[in-house]
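Letters go in sequence order (proteins before strands), and every chain restarts at 1.
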There are 2 protein chains.
Amino acid sequence: MPQNTDNQYNYQSFQKVARFSKEDFYKQAFVEDCNTIRIKKEKVAVKNLEKIFEATFRICTRKGFQGMTMRDLSTESGLSMGALYSYFATKEELLNTLQRVGNSFITRVMEECVAELTEPLAKLRTILRTHLFLSEMIQPWFFFSYMEAKNLAKKERENYIKAELSTEKVITDILVEAEKENLLRTRNHQIAASIIKAMLQDWYLKRGKYAKRGITVDKYADIVIEWVEVYYLQTD
Amino acid sequence: MPQNTDNQYNYQSFQKVARFSKEDFYKQAFVEDCNTIRIKKEKVAVKNLEKIFEATFRICTRKGFQGMTMRDLSTESGLSMGALYSYFATKEELLNTLQRVGNSFITRVMEECVAELTEPLAKLRTILRTHLFLSEMIQPWFFFSYMEAKNLAKKERENYIKAELSTEKVITDILVEAEKENLLRTRNHQIAASIIKAMLQDWYLKRGKYAKRGITVDKYADIVIEWVEVYYLQTD
DNA sequence: AGAAAAATAGAGCATATGCTCGTTTTCTCT
DNA sequence: AGAGAAAACGAGCATATGCTCTATTTTTCT
């Protein structure tokens, strides 16, 4: 079976090489919303946004966004009610902010990751790995975003769906391109992309299960890529 | 029950041949809980349980179980608060009942579907198809169950996880058995079962997307089985 | 038809929850 | 050190929510 030539691209190298880190997530949140956030000093704001976001993820994993009360969030984050409301106007706004910031963060990273690649198969592998590495790095956000999308208001939910489909489209386009260059079998690429997306999502939705079985994100990436290659490179 | 010679086993035949229907779901709920349900007459109870369950699914799809108020449920189901509380003691109990009834329902159906089959590959295909057909028939329950599992109390959540893993184990066992008979390639069957499970879940989690693209459950079943066969039957 | 049983209705109670705002604490800069 | 600015605090208000309980309606049976 054809082997990956991207052995050196693993989670560790992703973290090292990437021009961003988990902290950029909170920085971006501050920069995007500094006009509505009542806290002036970036250092303070970023620190507290981290507290708020992390606390939200922890609580919502257990009881969901609707089940989380502002008192829960206050206790878990260590901030008072008053302090919390310096960062967002309403509970719903907190949800919107989280979704929006996360989406623009991953969009940026995903675009950067293939910017310099031209060979379709290399692009495909890189896209798959990067998506998995990103969802490993900010797994709580991915899980939260998926589970709480239904609580968004109309406009924000539409954005969510658009983002979902965009990931799928990126994969579809690469598959189509690769087939044109006779690198892959003829298949229904849109459906295939859908299936591949389901595999990617399983990683952040069932993070705990895989951890318990000792399957690292690098291992999982190999598995997904193996399924895709077998499906697309198999000869009749 | 469904046959093993695949071609004629589709969603329509599943519905016809199966010794159960959607309504059995509500009947089972009444039978299991008739000691706590304050309504005596089965006909009345089953009718209202249907109203309650369907209303719950409709509301929770939009705002989740925590976001649903008992007043919402009263309005949507057309029953008064008092009437609702004839069927369960607390809101939490409603959640427990829904999870429990659904689980025993699908366990029963899944066990019946392969009872008469011995050939591993036929068993595998039948399991996959039946799971998809079942999740098509009671899609709202599957979606609800998945999304609201986190709101369960400890004991009930453990049951949920057990049921999840059991589906996976059934698939793993068949794969192991098939490999022993040299019907399939050597692979890590547990991981493969995990991936297959993710594909099955995508059907009920993204029901709307597939509907919009005109992909029926029969088509989707073919796709999943194709992926599995390519992965397992491919020769080096 | 009429009485007993079964089922339904929905206002009302106690508590929980989102959010505000005057007060207090901490930080910054000279 | 001290004044002014920035940040944090948390009790309190208005409303929402889970659930109860009695009154009322519907069904059943003779």
**Asked** Is the NZ or CZ atom of K219(B) positioned over Y210(B)'s six-membered ring, under 6.0 angstrom from the centre and within 45° of the axis?
**Response** no
**Complete:** Of R71(A) and S86(A), the one whose nearest nucleotide on DNA chain D sits closer to the 5' end is S86(A)
**Item:** Comparing R38(B) and G67(B) on DNA chain D - which has the more 5′ nearest nucleotide
**Value:** G67(B)
**Prompt:** Taking the nucleotide of DNA chain C with the closest heavy atom to each, which residue, A45(B) or T69(A), is nearer the 5' end?
**Reply:**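 Nearest nucleotide further toward 5': that of A45(B).
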**Asked** Between Q66(A) and G82(A), which is nearer to the 5' end of DNA chain C once each is assigned its nearest nucleotide?
**Response** Q66(A)
**Request:** Answer yes or no: is there an ion pair linking R207(B) with E136(B), defined by an N-O contact shorter than 4.0 Å?
**Result:** yes
Report the distance from atom [atom1] of [X] to atom [atom2] of [N], rounded to the nearest whole Å.
| X | N | atom1 | atom2 | result |
| --- | --- | --- | --- | --- |
| K63(B) | dA16(D) | NZ | P | 12 Å |
| L84(B) | dG18(D) | CG | P | 11 Å |
| I39(A) | dC9(D) | CD1 | P | 11 Å |
| K47(A) | dT26(C) | NZ | P | 12 Å |
| M70(A) | dA14(D) | CE | P | 20 Å |
| Y85(B) | dA11(C) | OH | P | 16 Å |
| K40(A) | dT26(C) | NZ | C1' | 17 Å |
| K51(B) | dA9(C) | NZ | C1' | 13 Å |

With a 4.0 Å limit, can you tell me whether [X] has a side-chain N or O closer than that to the phosphate oxygens OP1/OP2 of [N]?
| X | N | value |
| --- | --- | --- |
| S80(A) | dC9(D) | yes |
| K91(B) | dG18(D) | yes |
| N48(B) | dA7(C) | no |
| Y87(A) | dC19(C) | no |
| K41(B) | dA5(C) | no |

At under 4.0 Å between heavy atoms, what does [X] touch on the DNA or RNA strands: base, sugar-phosphate, or nothing?
| X | value |
| --- | --- |
| T90(A) | sugar-phosphate |
| M81(A) | base |
| F88(A) | nothing |

**Request:** Output yes when a side-chain donor or acceptor of T130(A) lies under 3.5 Å from a complementary backbone atom of T126(A), and no otherwise.
**Result:** yes
**Distance-only polar pair, side chains of S194(A) and K206(B), donor-acceptor under 3.5 Å** =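 Short answer, no.
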**Request:** Check each of E93(A), R100(A), Q99(A) against N96(A) using the side-chain hydrogen bond (donor to acceptor under 3.5 Å, both in side chains) test, and report the only one that passes.
**Result:**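 Looking at E93(A), R100(A), Q99(A), the match for N96(A) under the side-chain hydrogen bond (donor to acceptor under 3.5 Å, both in side chains) is E93(A).
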